[in-house]
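Read through the structure below, which is laid out as structure tokens, and then see the notes.
The first residue in the sequence is number 1, and the count goes up from there.
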Amino acid sequence: MSDWSELHRDLLVLVVRHINLIEDYLNFGTVCKSWHSVATKDNFNSELVRVPWLMLAEEEDDDTCRKFFSLSNGMILKKSIPGARGKRCVESMGWLVTVGKEESEINMLHPFSGVKIQLPHRIHIPLPYPVNNDYYRLNDNFVSWVSIHKAVLSANPSHTSDYILMIIEGDFSFLCLWRPGDLSWTRLPGYNGQITDVVCFNGNFYAINYKGCILVCDVAGSKPGKNHMIAQLEPCIDGIYYILESLGSLFVAVQQFVYIRYVTDDRGRIPLTHIPGEDDDEENISYTYRTKTFLVYKFDLDNCKATQTRDLGDRAFFLGPNASLSVQASQFPGIKPNHIYFTDNCLNAYLQFEGGVGLDMGVFNLADESIQPHYDGVSLSRVCPPIWVTPNLC
């Protein structure tokens, strides 16, 4: 019988460089010393797009560790990430942007290596007009936890120092950017905020707001210029717009919600405790909400035209408080083509339910509009419910 530990090193390197799943890569290195010696960062093809893991919410009895659920094999990995303890987290390219309760510390954190990049602490830039909003003022201590709604990198900090970090921040969802070496955040001028998503595509940042307006962002030079509208989709009530790149094309996905008081479906097994407001005339009512459907548009940049589609081909989208992502389903076991994998991203609910959110997750079939669960457990948080995290080595 052959001794696998004595395989030639060049052959082992050839094999390990063809491994796509990081969990398989990590397992490869545990076989024996000779296999472990080639399972290095240099031999791991980190340029490949990978299927995100679901980072579950922080658990009260073990708040220094986080659990990651792999869709490919159903495995749960437990990892100590003290830098994410009690923090609001959003994700891009495998990096977390973490925000503390008082916004005293904001960092980029690589969850699997522990590498940390410190970011300017203060994000909020004074608005050019006065705001009188009693709801946000009363909840100011909590809102600071969710002041960053999205974070999108132009390039992976693991590979280069020439990148831009774009975030959607604040109660009014403005765009701000940061480059390595900057001492403060720079807010992009020329519009009224309310951005729901942003993507870096072909060297440019494209954003979309809650009215379905698609913008191209001028980030050239040290002083970013105004954003320019390039298209207008039909506005959607009670929905969230996402924008993402997929196989060289730009797509927009619209997530539509339905809000429910008395629930009869399976999601009603775990009612959420609503925080009553001054205008509420009823008490002790079980509330919840869920995703109703997704609409998807393929965007033609040359003609500035969006066409609705129900066929993504071999693509699968991953949407939520992460940088919106697409993968080729056929490259990964367990991933379904023409499906949208989503996590709970209804910001209004963060403010309304005292027990936390995270129930509104699932896999949406674009062909028949059905929704199935992708994780059978319950993972709730009022600060950082489950999010997608791309597993990469740093």
For the CD1 atom of Ile117 and the CG atom of Leu165, what is their distance to the nearest 0.5 Å?
9.0 Å
Reference residue Tyr206; test side chain to side chain contact (heavy atoms under 4.5 Å, CB included); the match among Leu301, Val198, Leu215
Leu301
Start with the C-alpha gap between Thr64 and Arg85, add the side-chain angles, then the distance that decides, and say whether side chain to side chain donor-acceptor pair (under 3.5 Å) holds.
CA-CA 6 Å; Thr64 62; Arg85 180 181 180 181; over 6 Å; no
Between Ser326 and Arg315, do the side chains contain a donor N or O and an acceptor N or O under 3.5 Å apart?
no
If hydrophobic clusters are built by linking Ile, Leu, Val, Met, Phe, Trp and Tyr wherever their side-chain heavy atoms come under 4.5 Å apart, do Val219 and Val199 end up in the same one?
no
Can you tell me if Glu245 uses its side chain to pair, donor with acceptor, with the backbone of Gly248 under 3.5 Å?
yes
Is there side-chain contact between Asp182 and Pro120, with at least one heavy-atom pair below 4.5 Å?
no
Return the orientation label for the Phe112 and Trp53 ring planes: parallel under 30°, perpendicular over 60°, tilted otherwise.
perpendicular
Lys150 side chain to Asn322 backbone, donor-acceptor under 3.5 Å:
yes
Flag the pair Ile208 / Val252 as yes when at least one side-chain heavy-atom distance between them is below 4.5 Å, and no otherwise.
yes
Name all residues meeting the side-chain contact (heavy atoms from CB on, under 4.5 Å) criterion together with Gln255; count only those two or more places apart in sequence or in a different chain, and write none if there are none.
Ile240, Tyr242, Phe257, Thr291, Phe294, Phe342, Asp360
Regarding Asn392 and Trp95, do their side chains bring together a donor and an acceptor under 3.5 Å, going by distance alone?
no
Is it possible for you to say whether Val115 and Met93 belong to one hydrophobic cluster, with membership spreading through side-chain heavy-atom contacts below 4.5 Å?
yes
Between the side chain of Asp218 and the main-chain N/O of Ala220, is any donor-acceptor distance below 3.5 Å?
yes
Rounded distance (nearest 0.5 Å) linking atom OG of Ser173 with atom CD1 of Ile148
12.0 Å
Are any non-hydrogen side-chain atoms of Asp197 and Ser324 less than 4.5 angstrom apart?
yes
Where do Ile81 and Leu109 land on the side-chain contact (heavy atoms from CB on, under 4.5 Å) test, with the steps shown first?
CA-CA 9 Å; Ile81 314 177; Leu109 174 68; 3.7 Å; yes
Can Thr196 and Asn209 be counted as having a side-chain donor-acceptor contact under 3.5 angstrom?
no
Between the side chains of Tyr289 and Asp238, does any donor sit under 3.5 Å from an acceptor?
no
Thr309 versus Asp311, side-chain donor and acceptor atoms under 3.5 Å
no
Within the side chain of Asp314, is there an N or O that forms a donor-acceptor pair under 3.5 Å with the backbone of Ser330?
yes
Looking at every heavy atom in both Ala306 and Leu233, which two are closest together, and how far apart are they?
CB-CD2, 3.3 Å
Is Lys79 atom NZ crowded by more than 12 heavy atoms from other residues, nucleotides or ligands, each under 6.0 Å away?
yes
Judged by atom type as modelled, is there a donor-acceptor pair below 3.5 Å linking the side chain of His228 to the main-chain atoms of Cys217?
no
Phe299 and Ile214, any side-chain heavy atoms less than 4.5 Å apart:
yes
Leu325 and Thr390: CA distance, side-chain angles, deciding distance, side-chain contact (heavy atoms from CB on, under 4.5 Å) verdict:
CA-CA 9 Å; Leu325 178 70; Thr390 302; 3.9 Å; yes
Heavy-atom side-chain contact between Leu96 and Met55 under 4.5 Å:
yes
Are His374 and Trp388 near enough that their ring centres are under 6.0 Å apart?
yes
In terms of hydrophobic clusters joined by side-chain contacts under 4.5 Å, are Val363 and Val327 together?
yes
Apply side-chain contact (heavy atoms from CB on, under 4.5 Å) to residues Gln194 and Phe172 and explain how you reach the verdict.
CA-CA 5 Å; Gln194 302 296 341; Phe172 295 91; 3.6 Å; yes
Return the CD1 to CG distance between Ile387 and Leu56, rounded to the nearest 0.5 Å.
10.5 Å
If two hydrophobic side chains count as joined below 4.5 Å and joins carry through other members, does Ile243 share a cluster with Phe205?
no
Evaluate the side-chain proximity of Asn365 to Ile371: yes if any heavy-atom separation is below 4.5 Å, no if none is.
no
Give me the atom names and distance for the closest heavy-atom approach of Val38 to Val16.
O-CG1, 3.9 Å
Tell me every residue that passes salt bridge (charged side-chain N to carboxylate O under 4.0 Å, His left out) with Lys78, counting only those two or more places apart in sequence or in another chain.
Asp62
How long is the span from the NZ atom in Lys298 to the NZ atom in Lys305, to the nearest 0.5 Å?
13.0 Å
In terms of ring plane angle, is the pair Trp178 and Trp185 parallel, tilted or perpendicular, where the classes change at 30° and 60°?
tilted
Are any of the side-chain heavy atoms of Pro373 and Met361 separated by less than 4.5 Å?
no
Check whether the side chains of Thr293 and Glu369 place a donor and an acceptor atom closer than 3.5 Å, and report yes or no.
yes
Residue pair Ser80 / Arg66, side-chain donor-acceptor N/O under 3.5 Å:
no
Exam field: side chain Tyr341 to backbone Lys336, donor-acceptor pair closer than 3.5 Å:
yes
Run the side-chain contact (heavy atoms from CB on, under 4.5 Å) check on Cys384 and Lys87 step by step: do they pass?
CA-CA 7 Å; Cys384 185; Lys87 303 290 181 64; over 6 Å; no
Can you give me the closest heavy-atom contact between Tyr163 and Met108, atom names plus distance?
OH-CE, 3.4 Å
For Pro337, is there any backbone N or O sitting under 3.5 Å from a side-chain donor or acceptor partner on His339?
yes
Which of Phe317, Tyr297, Tyr241 passes ring-ring contact (aromatic ring centres under 6.0 Å, His included) with Phe251? Answer is Phe317
For Asp368, look at atom CG and say whether over 12 heavy atoms of other residues, nucleotides or ligands are found less than 6.0 Å away.
yes
One should read off an interatomic distance between Phe318 CZ and Leu244 CG, to the nearest 0.5 angstrom, of 11.5 Å
Exam field: side chain Arg187 to backbone Phe174, donor-acceptor pair closer than 3.5 Å:
no
Any chance CD of Glu234 has more than 12 other-residue heavy atoms, nucleotides or ligands included, within less than 6.0 Å?
no
Could you tell me whether the side chain of Glu58 and the main chain of Gly86 form a donor-acceptor pair under 3.5 Å?
yes
Test of understanding: with side chain to side chain donor-acceptor pair (under 3.5 Å), list the residues that count as partners of Asn303, not counting sequence neighbours.
Asp300
Write down the atom of Ala207, the atom of Leu175, and the distance for their closest heavy-atom approach.
CB-CD1, 3.9 Å
Would you say that Ser379 contacts Glu59 through its side chain, given a criterion of any heavy-atom pair below 4.5 Å between the two side chains?
no
Going hydrophobic residue to hydrophobic residue with side-chain gaps under 4.5 angstrom, can you get from Val216 over to Ile164?
no
Heavy-atom closest pair (Leu380 atom, Ala57 atom, distance to 0.1 Å) is O-CB, 3.5 Å
Please find the pair of heavy atoms, one from Cys304 and one from Ala231, that lie closest to each other, and give the distance.
O-CB, 4.1 Å
